[in-house]
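To start, the structure under review is shown below, and the notes come after it.
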Amino acid sequence: MNTKMDLTNLTTGTVFLAFCVILQISTASASNCKGCTPLDELNFDKIVKRFDATLVKFDTAYAYGDKHEEFGKVAKDLAEIEDVLTAEVGIKDYGEKDNSALGEKYGVKKEDFPALFVFHKNKETGEVQHHRFTDNDDFKADTIKTFIRQKAGIYLPLPGCIEEFDNFANRLLTATNAGEKGKVMAEAEKALLAIPSESTNKAKADIYIKIMRKIVKEGNEFADNEIKRVKKILKDGKIADAKKELMEKRINVLRS
């Protein structure tokens with residue numbers, strides 16, 4: 001009987017130990033993501049100022065969930081870009097409350113988790129500036145990349161986008177008169193014609209041209225209105241996968 005009790009205790013103890021090990025492993029794996037650099041109150045400023053741009057996620061110390069996974073996708077893509085860093089600040093609200101002061105410095109509260117910022121150097125002064133990501137309802141990898149591009153001025157390719165035509169789009173939106181806009185459109189249409197018909201970029205560039213023509217006709221607000229329209233269609237979810245992919249790429253072009 002004692003032997004049976006010992007075996008029962010051993011089995012229970014083994015299961016409990018295994019559970020603890022699994023919990024420890026899963027917790028550790030959730031604490032960071034591939035390509036992410038952990039920052040704290042001591043090394044934050046020292047590291048951030050060394051890069052042209054740094055994407056920082058302020059979050060609970062052991063982050064997990066859909067938004068953390070989307071952030072991980074961005075980190076993986078940015079890992080190949082030499083002058084851009086992806087980092088995390090894990091904040092604890094217990095014990096010594098690690099990094100809580102750093103969160104307070106940038107106005108991050110627990111209910112804000114995860115909070116994203118991009119820090120970048122001012123090209124004229126060299127000083128580090130920062131911007132906060134506010135589109136938390138659309139916390140997706142491509143949206144985050146667009147945010148980095150817009151705020152830090154660093155080109156990050158998105159599905160469906162072409163750098164040359166992104167530049168045309170930027171020039172069109174900053175043109176101050178009809179003559180300048182007409183010149184940009186002429187250059188863009190010429191570039192479209194120069195793309196071989198068998199190239200996958202042909203269809204992508206054609207989307208740019210169609211959108212740019214609409215902007216010339218209806219004004220810069222067309223892009224925002226069209227993004228809302230396409231998002232509504234995607235949200236309804238009653239479209240084929242191939243069509244969905246095309247519409248997501250259209251959103252990327254509109255954002256550019």
Side-chain angles (χ1 to χ4, degrees), residues 51-55 74 77-78 81-84 116-135 138 140-234 245-256:
F51 291 85
D52 290 342
T54 305
L55 179 68
V74 179
D77 292 341
L78 296 187
I81 303 176
E82 185 175 352
D83 295 322
V84 180
L116 278 185
F117 290 78
V118 64
F119 293 78
H120 68 95
K121 292 180 182 178
N122 183 296
K123 293 181 180 178
E124 295 181 0
T125 66
E127 295 180 358
V128 176
Q129 301 175 328
H130 67 272
H131 304 275
R132 187 167 182 166
F133 179 79
T134 56
D135 198 2
D138 194 14
K140 300 294 183 181
D142 288 345
T143 314
I144 295 168
K145 287 182 183 178
T146 301
F147 163 71
I148 298 170
R149 288 169 60 184
Q150 292 174 342
K151 301 302 182 182
I154 294 174
Y155 184 76
L156 303 173
L158 298 176
C161 292
I162 307 171
E163 184 173 7
E164 181 183 12
F165 283 82
D166 277 346
N167 292 331
F168 285 136
N170 289 333
R171 286 174 56 196
L172 183 71
L173 291 174
T174 55
T176 57
N177 58 63
E180 288 182 18
K181 290 181 178 180
K183 182 180 179 181
V184 173
M185 284 303 308
E187 290 181 30
E189 289 172 348
K190 184 178 179 180
L192 171 63
L193 292 173
I195 299 174
S197 57
E198 65 273 14
S199 172
T200 56
N201 280 346
K202 191 75 171 182
K204 295 177 185 178
D206 189 55
I207 293 174
Y208 277 91
I209 296 299
K210 289 176 179 177
I211 292 173
M212 290 168 68
R213 285 172 180 164
K214 282 283 189 178
I215 289 173
V216 171
K217 183 178 179 180
E218 301 180 23
N220 290 1
E221 63 274 8
F222 169 79
D224 287 334
N225 294 334
E226 184 67 359
I227 286 174
K228 292 175 184 176
R229 186 188 73 83
V230 176
K231 278 186 176 181
K232 187 176 185 300
I233 295 173
L234 289 171
E245 184 179 350
L246 286 174
M247 298 191 87
E248 287 174 343
K249 289 180 178 178
R250 183 176 178 84
I251 285 182
N252 288 337
V253 173
L254 286 161
R255 283 182 176 139
S256 74

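In what follows, residues are counted from 1 in the order of the sequence shown. When reading the values below, keep in mind they use all heavy atoms of this one structure, side chains included, and skip hydrogens, waters and symmetry mates.
- When the shell of 6.0 Å around CD of Glu124 is examined, it contains 12 or fewer heavy atoms from other residues, nucleotides or ligands.
- Residues Asp77 and Leu156 have side chains not in contact (no heavy-atom distance under 4.5 Å, counting atoms from C-beta outward).
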### Query
Are Thr146 and Gln150 close enough, and set up right, to give a side chain to side chain donor-acceptor pair (under 3.5 Å), and what steps lead you there?
CA-CA 6 Å; Thr146 301; Gln150 292 174 342; 6.0 Å; no
### Message
Checking Glu189 against Arg213 for the salt bridge (Lys or Arg N to Asp or Glu O under 4.0 Å) test, could you report, in this order, the C-alpha distance in whole Å, the side-chain angles of both residues, the deciding distance, and whether it holds?
### Response
CA-CA 10 Å; Glu189 289 172 348; Arg213 285 172 180 164; 3.1 Å; yes
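- Counting all heavy atoms, side chain and backbone alike, Ala191 lies closest to Phe168 at CB-CE1, 3.7 Å.
- Side-chain atoms of Ile211 and Phe222, non-hydrogen and from C-beta on, do get closer than 4.5 Å to each other.
- Using a 4.5 Å heavy-atom threshold, the side chains of Ile251 and Asp142 count as separate.
- Residues Leu234 and Glu248 share a closest heavy-atom pair of CD1-CG, 4.0 Å.
- Across Val118, Ile148, Leu116, a single residue satisfies side chain to side chain contact (heavy atoms under 4.5 Å, CB included) together with Phe133, and that is Leu116.
- No more than 12 heavy-atom neighbours from other residues, nucleotides or ligands sit within 6.0 angstrom of NZ on Lys140.
- Atom CZ of Arg229 and atom CG of Leu254 lie 9.0 Å apart (nearest 0.5 Å).
- Residues passing the side chain to side chain donor-acceptor pair (under 3.5 Å) test with Thr143, sequence neighbours excluded: Asp138, Arg255.
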### Message
Does Lys214 form a salt bridge (Lys or Arg N to Asp or Glu O under 4.0 Å) with Glu226? I'd like the steps, not just the answer.
### Response
CA-CA 10 Å; Lys214 282 283 189 178; Glu226 184 67 359; over 6 Å; no
### Test log, rule side chain to side chain contact (heavy atoms under 4.5 Å, CB included), inputs Val84 and Leu55
CA-CA 8 Å; Val84 180; Leu55 179 68; 5.8 Å; no
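- Side chains of Met212 and Val184 form a contact here, defined as non-hydrogen atoms less than 4.5 Å apart.
- Side-chain contact check for Lys151 versus Gln129: every heavy-atom pair is 4.5 Å or farther apart.
- In this structure, Arg149 and Tyr155 approach most closely via the heavy-atom pair NH2-CE1, 3.5 Å.
- Taking all atoms of both residues into account, the shortest heavy-atom contact from Phe51 to Asp83 is CB-O, 3.7 Å.
- Residues Asn201 and Ile162 come closest through the heavy atom pair O-CD1, 3.6 Å.
- Around atom NZ of Lys210, no more than 12 heavy atoms belonging to other residues, nucleotides or ligands sit under 6.0 Å away.
- Taking the six-membered ring for Trp and thresholds of 30 and 60 degrees, Phe119 and Phe117 have ring planes inclined between 30 and 60 degrees apart.
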